[in-house]
Amino acid sequence: MSDTPGKQQNTAAFYGQAVASFSVAMAATAIGIFKLNADAWVRAFLAIAVLYLVTSAFTLSKVIRDRQEAATLSYHPFEKL
C-alpha cells in the first residue's frame, strides 16, 4: 500500500456552485454600485476598488494553493519501483 496522497478533485456541482456564487456576488455588487445615489466618479472609484479586491483575492488564493502544493509534494526517487 502506498501512503502517497492522490490528487483531490472537486465535483462538478461544487465547481458550478462556486462559479454561480461568484457570479451572483459580482452582479449584486455591480448593480449596487450602479444604483448608488452618488456622483459618477464615486461609483467609478468603488467599481475600481471592487475589481482590485477581486484580483487580489484571486492572487492570494493562488499563492496559498501553490504553497500548500509545494509543501505536500516531495521527491521520492524510488517510489515507483
Could you state the interatomic distance from CG (Leu36) to CD1 (Ile31), rounded to the nearest 0.5 Å?
13.5 Å
Looking at Arg43 and Ile33, what are the two nearest heavy atoms and their distance?
CD-O, 2.8 Å
Linking I/L/V/M/F/W/Y whenever their side-chain heavy atoms sit closer than 4.5 Å, directly or via other members, would Phe58 and Val63 fall into one cluster?
no
Would you say that more than 12 heavy atoms from the other residues, nucleotides or ligands in this model lie under 6.0 Å from the CZ of Arg65, or not?
yes
Just verifying a value: how many Å separate Leu46 CG and Phe34 CZ, rounded to the nearest 0.5 Å?
14.0 Å
Inter-residue atom distance Arg67.CZ - Lys62.NZ, 0.5 Å rounding:
12.5 Å
Euclidean distance, Thr55 OG1 relative to Leu60 CG, rounded to 0.5 Å
11.5 Å
Under the 3.5 angstrom rule, does the side chain of Ser56 hit a backbone N or O of Tyr52 as a donor-acceptor pair?
yes
Spacing of Leu51 atom CG and Thr29 atom OG1 [to the nearest 0.5 Å]:
10.0 Å
Would you give the length of the straight line joining atom CD1 of Ile64 to atom OG1 of Thr59, rounded to the nearest 0.5 angstrom?
11.0 Å
